[in-house]
Trainee: 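Got a structure here, written out as structure tokens. Questions coming.
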2 protein chains.
Amino acid sequence: MLSEGRKKNRVTLLDVARHAGVSRATASLVIRKSPLVSTETRAKVEMAMQDLGYVYNMGAARLRADRSLTIGVVIPNLINPFFTELLAGIETVIDAAGMVVILVNSGDVLARQETLLTRMREHGVDGVILCPAAGTDMSLVERMAEWDLPLVQVLRRVSDECDYAGVDYGFGMHQAVDHLTELGHRDIAFAVHGPVHSAYQERVDAFRDAMELRGLDPGNIIRVPNQLAAIAQSAHLFTAGPGRSSSVVCFNDVVALGLSAGLYDLGVEIGRDFSLVGFDDVADAEALRPRLTSVATFPVAIGEGAATLLVDRLAQPDLAPRKLVKAPQLHIRQSSARWRGTNGGLSKNAG
Amino acid sequence: MLSEGRKKNRVTLLDVARHAGVSRATASLVIRKSPLVSTETRAKVEMAMQDLGYVYNMGAARLRADRSLTIGVVIPNLINPFFTELLAGIETVIDAAGMVVILVNSGDVLARQETLLTRMREHGVDGVILCPAAGTDMSLVERMAEWDLPLVQVLRRVSDECDYAGVDYGFGMHQAVDHLTELGHRDIAFAVHGPVHSAYQERVDAFRDAMELRGLDPGNIIRVPNQLAAIAQSAHLFTAGPGRSSSVVCFNDVVALGLSAGLYDLGVEIGRDFSLVGFDDVADAEALRPRLTSVATFPVAIGEGAATLLVDRLAQPDLAPRKLVKAPQLHIRQSSARWRGTNGGLSKNAG
DNA sequence: GCGACGCTTTAGATCGATCTAATTAGGTTG
DNA sequence: CAACCTAATTAGATCGATCTAAAGCGTCGC
């Protein structure tokens, strides 16, 4: 019924051509803005399109021309605000290029990612922006190359033979650690969570590096749960026991938000008794009080960068692989403060 | 080069059929899991598909069968966490139905929404989930019907002749106001922002209604800016001057997050000197301290509902229009507290 | 032995655009 | 006036699947 209806009143290029008194081929040229048609013919055809309410049929065009003006975006997580901002950046650029985003969520599960990439191929996307699920290996990139499916890796990198847009986490981490040490902190913890991937490893390595460079012990790396509420409940890991410290660098702002809440619950005054440095500086971080010191990683810009890489590659498939590594920037606010001595801070308020 | 490459090594159904020693038609039946083929033929064809690395070509199928297994989602804003959760819900259901989401962002701009809907039509989506931009009128729904493009309205409603999934904002608002009045508050403000649309109007009307029902003055409706940081800076509107009140209901959690920060900056202790009720209860609200009392509107569930409505309609186009109006639920936490008298709260700490 | 019937398979048309190669019209040139 | 060129247009094949209508084949009943 539906398809009958659709078929019936669908206006095709042939209808337009007839109405304008030209051939299908000419009408097609007009649509594609070819310079080969005369101005008057063009006008006639455009008028006919108006009159009949013609709608271009990508599906048909794609079949013949083998391009769909569609790109696939595979993201491991839709709820994390970081990815949302990333997505917003991607969408802006892709839209401006006259293309459209097919969005899927891998949930950071390899098997699912595999399924979804097949689905993308079936849908004939012109290219893919992928934030690889943890555990993805290089062979994926090779396979995509065999399939002639242009790929941009974003945030996480599994191969150098392929475009990549991401963040210089090492640099960001050094800024964070330097900042805390300059404030006099020596017991600095690193609160991590989530699946292990290149961007994870990069941050951990850089933390070790930065700490050792300052002659500090980088051993205090603590895993927290993934859910916001559960993170809050593990704040005690940092204020007492073997993980006790005077400050924490957070893997991302989700961790920072959680710990901020958890520390509040413990009666610890952030920015006085304890210092907290976030990572990403997402929009929501602005609502935190005391204001969160955070390493801004500019997710929107990264998204725009990734999309631009892809658009460029579609235009010139033979380009050498490029990297777009954005330098993060530490935003110092209220949640990090000068170290107040062994007896100054925590002991007073904790518990 | 690219397209050459793609063309060259693309395996078609015809290749599969030949390799399996059957006809194109039979191979097609196998793919579509038709019960008409014998088990051995099916096995042969499936084997051939394996051997050759066949990938289904939706584009071709769509052209003939006039369905794309693709749906369009038009959202006014990607950064607001509410929409992100909504999107996550939609994605889950659509994915489970074997379809794929084409995501676009209208920015709440009518003209853009128009462009995007055309683009959706060109891409041949099977249906659209739309959160109509402010100012959209009923005629849009009629036009979509003419185009035979199934539509589900989500969150905002412009027509009753069309499926709709949303929230019973009125009920939520009554819960919020009732809660505050039961705590003894009489000066209750409503902090609004953003574009004016049905869901906006619904909340405003319900606020008036609820206040009048309790014999209170519903005149204190105050607009705040859209950006989080700017919202924080307008917190003073509620603590002093003509808008001064003892409690605020927030249009959504973005406003609540902003005001929470702003009140903190003013030295007002939320949950003691001043009460705050949010709306939506998005995930990030969990990170707020004191914990935010908020009217949960279950965006993920709404998204799932909207997608389900659409999937059902695709299966049965002649269904009467349905409404899925979810009842929100007040979650009482720390940010709302008993009224402490005219001289109790604000005067002590404000300024 | 013949038609009927169920089960399986298939040839060929078809969807709506693009692309190739050829055609037409009109002007220029030797 | 023929040869040639340029600009504009077009017929017809093509992309890779689906769908229709019909055919092949084995069995059954009469």
Trainee: Round to a whole Å and report the spacing from CG of L14(B) to P of dA17(D).
Mentor: 9 Å
Trainee: Using a heavy-atom cut-off of 4.0 Å across all strands, would you classify T26(B) as base, sugar-phosphate, or nothing?
Mentor: base
Trainee: Scan for side-chain hydrogen bond (donor to acceptor under 3.5 Å, both in side chains) pairs involving residues 50-59 of chain A, sequence neighbours excluded, and state none if there are none.
Mentor: none
Trainee: What string of B, S and - do you get for nucleotides 21-28 of chain C, 5' to 3', when a contact is any protein heavy atom under 4.0 Å?
Mentor: --------
Trainee: In whole angstroms, how far is the C1' atom of dT14(C) from the CZ atom of R10(A)?
Mentor: 14 Å
Trainee: Does S28(A) place a side-chain N or O at less than 4.0 Å from the phosphate oxygens OP1/OP2 of dT18(C)?
Mentor: yes
Trainee: Below 4.0 angstrom, N of the basic side chain to O of the carboxylate: do R10(B) and D15(B) qualify?
Mentor: no
Trainee: Does a side-chain N-to-carboxylate-O contact under 4.0 Å join D108(B) and R156(B)?
Mentor: yes
Trainee: Which angle, to the nearest 10 degrees, lies between the helix axes at the two ends of the helix from dG1(C)-dC30(D) to dG30(C)-dC1(D), each defined by five pairs?
Mentor: 60°
Trainee: Separation of L69(B) atom CG from dT18(D) atom P, in whole Å?
Mentor: 11 Å
Trainee: Show which side-chain atoms of residues 301-312 of chain A pair as donor or acceptor with protein atoms under 3.5 Å away, not counting sequence neighbours.
Mentor:
unit_1	atom_1	unit_2	atom_2	d
T308(A)	OG1	E304(A)	O	2.7
D312(A)	OD2	R322(A)	NH2	2.8

Trainee: Could K323(B) and Y164(B) be counted as a cation-pi pair, given that NZ or CZ must be under 6.0 Å from the ring centre and within 45° of the axis?
Mentor: no
Trainee: In whole angstroms, how far is the P atom of dA17(C) from the CZ atom of R67(A)?
Mentor: 13 Å
Trainee: Expressed as a whole number of angstroms, how long is the span from R64(B):CZ to dA17(C):P?
Mentor: 15 Å
Trainee: Can you list, in residue-number order, the parts of residues 29-41 of chain B that come under 4.0 Å of DNA chain D, counting heavy atoms only?
Mentor: R32(B)
Trainee: So which of residues 16-25 of chain A are in contact with DNA chain D, with a heavy-atom cut-off of under 4.0 Å?
Mentor: V22(A), S23(A), R24(A), A25(A)
Trainee: Which whole-number value in Å describes the distance from D66(A) CG to dG16(D) P?
Mentor: 8 Å
